[in-house]
Colleague: 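Would you mind keeping the following structure in view while I ask a few things?
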Protein chains: 2
Amino acid sequence: MTELEKGPQGLRRGRGARERIISASQQLFRDQGINRTGMDQLCAVAQVSKRTAYQHFTNKDELVAEYLRRFDPGVTAGVFDRTDLTPRERLLAVFEPPRGKEGLTPLCPYIAASVELHDPEHPASQYARDYKSTIAARLADTAREAGAADPEQLGEQLALLLDGAAARTRVLNTESFPTAAAIAAVLIDNAIPTTARERVNTTVG
Amino acid sequence: MTELEKGPQGLRRGRGARERIISASQQLFRDQGINRTGMDQLCAVAQVSKRTAYQHFTNKDELVAEYLRRFDPGVTAGVFDRTDLTPRERLLAVFEPPRGKEGLTPLCPYIAASVELHDPEHPASQYARDYKSTIAARLADTAREAGAADPEQLGEQLALLLDGAAARTRVLNTESFPTAAAIAAVLIDNAIPTTARERVNTTVG
DNA sequence: CGTTAGGCACACAGCTCGGTGTACTTAATG
DNA sequence: CATTAAGTACACCGAGCTGTGTGCCTAACG
């Protein structure tokens, strides 16, 4: 433990290089964007030598893809597993903004990557596509559970609302998730036949 | 007219430099993104010398701002002035995708600029904000005309749908405006009291 | 015809970026 | 202790970027 923190010159932080790189990319890509974050700065923040970084990731592109893959293992996704909520409540809870500590909801990194990279063939863009499809599918599953007449349609609609809120929050610099939530409430109530809704209400409340 | 097309060496296209620069930026910034388009390439496409470009625009930033300002003086905006449609039809017509010749609707350049520039203080980002507010306001006006109970809310909601469709089309590489249009129809019918709706229907049809 | 504003070619400065080469040091494992 | 995997320091390359400096040209206008 003598020299765990610092070596004779500079950083010297030891074995966890890869994790530090990824966690630095989480911070920097989100705060500054991908294109505006150079590998030099990223390595400095990660306290990792550039050489090491390029032994873990052959490209910056590959790092970007891994950054997306390792993003958020359970913020939005976690809502779907909450058993304390009815399916309908779960669908609405998705629109509670992730709230980055304070201030506005940061732009969904999948949208940001797609726009910044500007290449649908980029591995990160492909992953973004997959992720968005997955979210829509999970929304559809929950919609089905809630008794929606056309669950796939409702899932796609709610996904669109999420993306709209994210994009609009970024452009306007104003929180837009409440607006999306209001729309979601309307859509959900419109999609669930009264019979099913009443059944749930009597079951839960 | 002898040497209007070409001079002794290279380009030599004459007086309309500024317009050519802007129109080249329309094409390139849309197709490649702002950050991935260098001034060299832009000048080559515009058939303008770099020196001339920098005499018209002190910065690339300033050019980007002007590019947004000069964008689309009437595609989406034009719908609002169509007197052959009822207010309700106008609100729905906004969701007819601009359809870039063929293929997907290109990402709204205001969103693209906000994300790419990544600086809310950038003049282009500020203009994007203004533009989005204006669109929402015009939607609200039309909503009021259509007899909506809460026109401002409906305007903001429809604006969110537009942005969601734009963002999602880009990320998924799949046209999302029809989904947005479907939501819009629900919201509009939900926001307009039956009395007002019937009045319009009997008047028009 | 002469003036001049607008445009041109071209080289280049200065910077940042992604990525590599080399030789060294440390920490864990057997 | 010896080996080896992981990391480090630092210089460097080539490319691309924004932005200038300089001198020349020519089309339009009075």
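The shown structure was predicted, so the numbers you read here are calculated from the model rather than taken from an experiment. Protein chains get the first letters and strands the later ones, always in sequence-line order, with residue 1 at the start of each.
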Colleague: Does C/dG19 have OP1 or OP2 sitting under 4.0 Å from an N or O in the side chain of A/Asn59?
Modeller: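 For A/Asn59, the contact criterion (side-chain N or O under 4.0 Å from OP1 or OP2 of C/dG19) is met.
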
Colleague: When the distance from CG of B/Leu63 to C1' of D/dG19 is rounded to whole Å, what number comes out?
Modeller: 14 Å

Colleague: Aromatic rings B/Tyr110 and B/Tyr131: how do their planes relate, parallel, tilted or perpendicular, breaks at 30° and 60°?
Modeller: parallel

Colleague: What nucleotide, of D/dT20, D/dT8, C/dC8, holds the atom closest to the side chain of B/Lys50?
Modeller: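 It is D/dT20.
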
Colleague: Rounded to whole Å, please give me the gap between OH in A/Tyr54 and P in D/dC13.
Modeller: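 The answer, rounded to whole Å, is 18 Å.
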
Colleague: Indicate whether OP1 or OP2 belonging to D/dG7 is found under 4.0 Å from a side-chain N or O atom of A/His56.
Modeller: yes

Colleague: B/Thr179: which residues meet the side chain to side chain donor-acceptor pair (under 3.5 Å) condition with it, sequence neighbours left out?
Modeller: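 If we apply the side chain to side chain donor-acceptor pair (under 3.5 Å) test to B/Thr179, skipping adjacent residues, there are no hits.
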
Colleague: Is there a donor-acceptor contact under 3.5 Å from the side chain of A/Arg88 to the main chain of A/Ala146?
Modeller: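 Not a single qualifying donor-acceptor pair exists.
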
Colleague: Considering only heavy atoms, which members of residues 117-125 of chain A lie under 4.0 Å from some atom of DNA chain D?
Modeller: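 Nucleic-acid contacts, sorted: none.
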
Colleague: Mind calculating the distance between NZ (A/Lys60) and C1' (C/dC17) to the nearest angstrom?
Modeller: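 That distance rounds to 8 Å.
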
Colleague: Expressed in angstrom and rounded to an integer, what is the separation of B/Phe57 atom CZ from D/dT20 atom C1'?
Modeller: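 Distance check: B/Phe57 CZ to D/dT20 C1' gives 18 Å.
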
Colleague: Got a sec, which residues hit salt bridge (Lys or Arg N to Asp or Glu O under 4.0 Å) with B/Arg69, two or more places apart in sequence or on another chain?
Modeller: B/Glu66

Colleague: How many whole angstroms separate atom CD of B/Gln41 from atom C1' of D/dG16?
Modeller: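 The distance from CD of B/Gln41 to C1' of D/dG16 comes to 12 Å, rounded to the nearest Å.
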
Colleague: Tell me which donor-acceptor pairs under 3.5 Å the side chains of residues 151-158 of chain B have, and how far apart each pair is, sequence neighbours excluded?
Modeller:
unit_1: B/Glu152; atom_1: OE1; unit_2: B/Arg144; atom_2: NH2; d: 3.4
unit_1: B/Glu152; atom_1: OE2; unit_2: B/Arg144; atom_2: NH2; d: 2.7
unit_1: B/Glu156; atom_1: OE2; unit_2: A/Arg168; atom_2: NE; d: 3.0

Colleague: May I ask you to verify if any side-chain N or O of B/Thr52 is less than 4.0 angstrom from the OP1 or OP2 atom of C/dC8?
Modeller: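 Affirmative; the distance criterion is met.
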
Colleague: To the nearest Å, how far apart are B/Arg18 CZ and C/dG7 P?
Modeller: 10 Å

Colleague: Between P on D/dT20 and CE on B/Met39, what's the gap in Å once rounded to a whole number?
Modeller: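 One finds 11 Å between P of D/dT20 and CE of B/Met39, rounded.
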
Colleague: Between B/Glu116 and A/Arg36, is there a side-chain heavy-atom distance shorter than 4.5 Å?
Modeller: no

Colleague: Side chains of B/Phe177 and B/Glu96: closer than 4.5 Å at any heavy-atom pair?
Modeller: no

Colleague: Give every pair of a protein N or O atom and an N or O atom of nucleotides 21-23 of chain D that lie under 3.5 Å apart, one pair per line with the distance.
Modeller:
unit_1: D/dG21; atom_1: N7; unit_2: B/Arg51; atom_2: NE; d: 2.8
unit_1: D/dG21; atom_1: O6; unit_2: B/Arg51; atom_2: NE; d: 3.4

Colleague: Within residues 31-38 of chain B, find the residues that approach DNA chain D with a heavy atom at under 4.0 Å, and present them sorted by residue number.
Modeller: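 B/Thr37, B/Gly38 - these, ordered by number, are the residues of the stretch whose heavy atoms sit under 4.0 Å from the strand.
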
Colleague: Could you check A/Leu68, A/Asn35, A/Thr37 and say which one makes a side chain to side chain contact (heavy atoms under 4.5 Å, CB included) with A/Phe29?
Modeller: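 Of all the options given, the one that passes is A/Thr37.
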
Colleague: With no hydrogens and no angle check, is any side-chain donor or acceptor of A/Arg129 less than 3.5 Å from a backbone partner on A/Pro120?
Modeller: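 Between the backbone of A/Pro120 and the side chain of A/Arg129 there is a qualifying donor-acceptor contact (under 3.5 Å).
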
Colleague: Could you state the CD-P distance from B/Glu19 to C/dG7, rounded to the nearest angstrom?
Modeller: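 Atom-to-atom, B/Glu19 to C/dG7, this comes out as 11 Å.
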
Colleague: What's the closest nucleotide to the A/Ser49 side chain, out of C/dT20, D/dA9, D/dT18?
Modeller: D/dA9

Colleague: Got a donor-acceptor contact below 3.5 angstrom from the B/Glu145 side chain to the B/Pro87 backbone?
Modeller: no

Colleague: Taking the side chain as every heavy atom from C-beta outward, state whether B/Lys132 and B/Ile111 have any atom pair closer than 4.5 Å.
Modeller: yes

Colleague: With side chains defined as the heavy atoms from C-beta onward, is the minimum distance between A/Met39 and A/Tyr54 less than 4.5 Å?
Modeller: yes

Colleague: Looking only at the side chain of A/Gln55 (C-beta and beyond, no hydrogens), which of the listed nucleotides D/dT8, C/dT20, C/dC8 gets closest?
Modeller: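 Of D/dT8, C/dT20, C/dC8, D/dT8 is nearest to the side chain of A/Gln55.
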
